[in-house]
Engineer: 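Below you'll find the structure I mean.
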Amino acid sequence: MRRNWAARLREITIEGMRALVLENERLRVTVLADKGGDVVEFLHKPSDTDLVWLSPQGLRRPLPPQAADDVGAFVDHYEGGWQEVFPNGGAPSVYRGARLAQHGEVAGLPWSVEVLTDTAREVAVRLAVRTRRLPYRVEKTFRLASGTAALEVEGRVTNEAPVALHAMWGHHLAFGRPFLRPGARIRVPEGVRVIPHATSIDPRGRRAEELFTVPPPGSPSEIVYLTGFDTGWYEVASQVGLRVEWDAEVMPYLWLWQELGASTDWPWWGGAYVVGLEPFSSMPTDGLSAAVDNGTAMLLGPAQSRTSRLRVEVIA
């Protein structure tokens with residue numbers, strides 16, 4: 001029986017793509033099964049605040065997977081939201097002959113859907129996909145319990161080959177208006193270290209000081225990597241609060257990306273005001289081959305699986 005109360009689950013279509021809506025008394029979460037399992041809505045109902053950043057270009061059905069020289073394949077169909085990133089993080093890369101596109105492969109693929117639980121107490125769905133250029137299977141399970149303001153995500157990646165393979169694994173969580181405002185504060189555990197990206201992504205130079213207060217529109221763009229987490233968590237204090245927790249043993253890095261309207265050429269044209277706070281297995285944002293070279297890439301043996309957990313909670 002379809003419910004309009006407590007925990008509930010609906011299947012809808014957005015721009016011709018299959019999507020799932022997990023909802024309870026406090027949250028509504030929309031997941032695009034036909035595009036990467038992207039979270040394109042994380043709405044806190046009591047305050048009517050959506051925490052995800054939505055790109056000005058809107059949502060577009062993705063093209064088939066592209067090769068390593070095509071950054072535009074990701075950007076052209078990047079609606080904002082929150083993506084699973086695997087097995088390549090950041091720029092296009094070539095790994096053992098496989099050409100991997102920007103943030104490829106799973107963010108542009110359709111995922112299968114299995115409903116695990118659909119009760120008034122809890123709803124849970126498992127999404128799964130196989131990569132096409134490397135022999136991996138990726139699964140993620142979304143859980144939402146009645147009465148909570150927290151989404152639980154359980155992930156699993158499996159190397160289906162008889163040889164060991166590397167990968168990068170991350171959660172591309174991007175926050176924007178109305179949740180994100182100038183002056184919002186970012187908190188991380190004591191003792192976390194900041195590693196600047198090797199080069200500036202803003203022609204005016206670096207802005208490595210005071211990274212933990214969201215600056216006003218027009219401030220320089222920046223990307224850095226945080227590490228040294230004994231426990232993986234961060235909080236963002238804005239008009240409502242947010243806490244994200246994850247397995248720091250699996251994802252020891254947090255990428256901090258800020259694009260605040262200073263980039264007036266392609267692809268943002270001055271229209272982006274977004275902060276990404278992205279748990280990752282590896283660094284930098286130069287792709288898998290760079291992570292292999294610096295020793296941060298994950299290594300999965302034949303038939304080996306790795307699991308991780310992510311929890312995103314609104315703190316009103």
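These values consider heavy atoms only, across backbone and side chains, with no hydrogens, waters or symmetry-generated copies.
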Engineer: Can Glu25 and Lys45 be counted as an ion pair, charged N to O under 4.0 angstrom?
Structural biologist: no

Engineer: Between Ser238 (side chain) and Phe179 (backbone), is there a donor-acceptor pair under 3.5 Å?
Structural biologist: yes

Engineer: Taking the cut-offs as 6.0 angstrom to the six-membered ring centre and 45 degrees off its axis, would you call Arg187 and Phe212 a cation-pi pair?
Structural biologist: no

Engineer: Mind checking the CD-CD spacing from Glu23 to Glu41? Nearest 0.5 Å is all I need.
Structural biologist: 8.0 Å

Engineer: For Asn159 and Gln304, test the side chains for any donor-to-acceptor distance below 3.5 angstrom and give the result as yes or no.
Structural biologist: no

Engineer: With heavy-atom distances below 4.5 Å as the criterion, would you say the side chains of Leu165 and Arg96 are in contact?
Structural biologist: yes

Engineer: Quick one: does Phe280's side chain get under 4.5 Å of Trp169's, heavy atoms only?
Structural biologist: no

Engineer: To the nearest 0.5 Å, what is the distance between OG on Ser289 and CG on Asn88?
Structural biologist: 7.5 Å

Engineer: With the threshold set at 4.0 Å, does a side-chain nitrogen-carboxylate oxygen contact exist between Arg243 and Glu235?
Structural biologist: yes

Engineer: Nearest 0.5 Å, please: how far is CG in Leu109 from CG in Asp34?
Structural biologist: 11.0 Å

Engineer: Hydrophobic clusters here meaning ILVMFWY residues chained together by side-chain heavy-atom distances under 4.5 Å, can you tell me if Leu299 and Val138 are in one?
Structural biologist: no

Engineer: In a check of side-chain contact (heavy atoms from CB on, under 4.5 Å) between Val29 and each of Leu43, Val52, Val39, which one passes?
Structural biologist: Val39

Engineer: Is there a side-chain contact between Glu105 and Pro87 (heavy atoms, below 4.5 Å)?
Structural biologist: yes

Engineer: According to a hydrophobic-cluster definition based on side-chain heavy atoms being under 4.5 Å apart (Ile, Leu, Val, Met, Phe, Trp, Tyr only), do Trp233 and Ile315 belong together?
Structural biologist: no

Engineer: I'd like to know if Arg8 and Asp118 make a salt bridge, using a cut-off of under 4.0 Å between side-chain N and carboxylate O.
Structural biologist: no

Engineer: So, for Trp82 and Phe175, is the gap between ring centers shorter than 6.0 Å?
Structural biologist: yes

Engineer: Would Leu300 and Arg306 count as a side chain to side chain contact (heavy atoms under 4.5 Å, CB included) if you check the C-alpha gap in whole Å, the side-chain angles of each, and the deciding distance to 0.1 Å?
Structural biologist: CA-CA 8 Å; Leu300 288 89; Arg306 297 289 299 273; 3.9 Å; yes

Engineer: Taking Gly81's backbone N and O only, do any of them form a donor-acceptor pair with Asp38's side chain (distance below 3.5 Å, no angle check)?
Structural biologist: no

Engineer: Tell me, do His171 and Ser308 make a side-chain contact under 4.5 Å, heavy atoms counted?
Structural biologist: yes

Engineer: If hydrophobic clusters are built from ILVMFWY residues whose side chains come within less than 4.5 Å, do Val125 and Leu116 share one?
Structural biologist: no

Engineer: In terms of hydrophobic clustering (I, L, V, M, F, W, Y; side-chain heavy atoms under 4.5 Å; direct or indirect links), are Val240 and Leu173 co-clustered?
Structural biologist: yes

Engineer: May I ask you to test the Val236-Val244 pair for a side-chain heavy-atom distance under 4.5 Å?
Structural biologist: no

Engineer: Can a salt bridge be assigned to the pair Arg309 and Glu245 using a cut-off of 4.0 Å between side-chain N and carboxylate O?
Structural biologist: no

Engineer: What I'd like to find out is whether the side chain of Leu127 reaches to under 4.5 Å of the side chain of Val31, using heavy atoms alone.
Structural biologist: yes

Engineer: Is the shortest distance from a Lys or Arg side-chain nitrogen in Arg137 or Glu160 to a carboxylate oxygen in the other one below 4.0 Å?
Structural biologist: no

Engineer: Any heavy-atom pair between the side chains of Thr285 and Trp257 that's under 4.5 Å?
Structural biologist: no

Engineer: Is it the case that the side chain of Thr213 and the backbone of Arg185 share a donor-acceptor pair, with hydrogens and angles ignored and the cut-off at 3.5 Å?
Structural biologist: no

Engineer: Can you tell me which residue among Ile186, Leu277, Ile195, Val194 is in a side-chain contact (heavy atoms from CB on, under 4.5 Å) with Leu226?
Structural biologist: Val194

Engineer: Could you check if a side-chain atom of Tyr225 sits within less than 4.5 angstrom of a side-chain atom of Leu256, using non-hydrogen atoms only?
Structural biologist: no

Engineer: Classify the ring geometry between Trp255 and His103 as parallel (under 30°), tilted (30 to 60°) or perpendicular (over 60°).
Structural biologist: tilted

Engineer: Could you tell me if the ring centre of Phe229 sits under 6.0 Å from that of Trp246?
Structural biologist: yes

Engineer: What I want to check is whether the side chains of Ser55 and Glu79 have a donor and an acceptor closer together than 3.5 Å.
Structural biologist: no

Engineer: Which of these passes side-chain hydrogen bond (donor to acceptor under 3.5 Å, both in side chains) with Glu154: Arg126, Arg143, Lys140?
Structural biologist: Arg143

Engineer: Rounded to the nearest 0.5 Å, how far does OG1 of Thr296 lie from CE of Met283?
Structural biologist: 6.5 Å

Engineer: What distance do Thr141 atom OG1 and Glu152 atom CD have between them, rounded to the nearest 0.5 Å?
Structural biologist: 11.5 Å

Engineer: Is it the case that the side chain of Thr227 and the backbone of Pro252 share a donor-acceptor pair, with hydrogens and angles ignored and the cut-off at 3.5 Å?
Structural biologist: yes

Engineer: How long is the straight-line distance from OG of Ser281 back to CD of Glu249, given to the nearest 0.5 Å?
Structural biologist: 13.0 Å

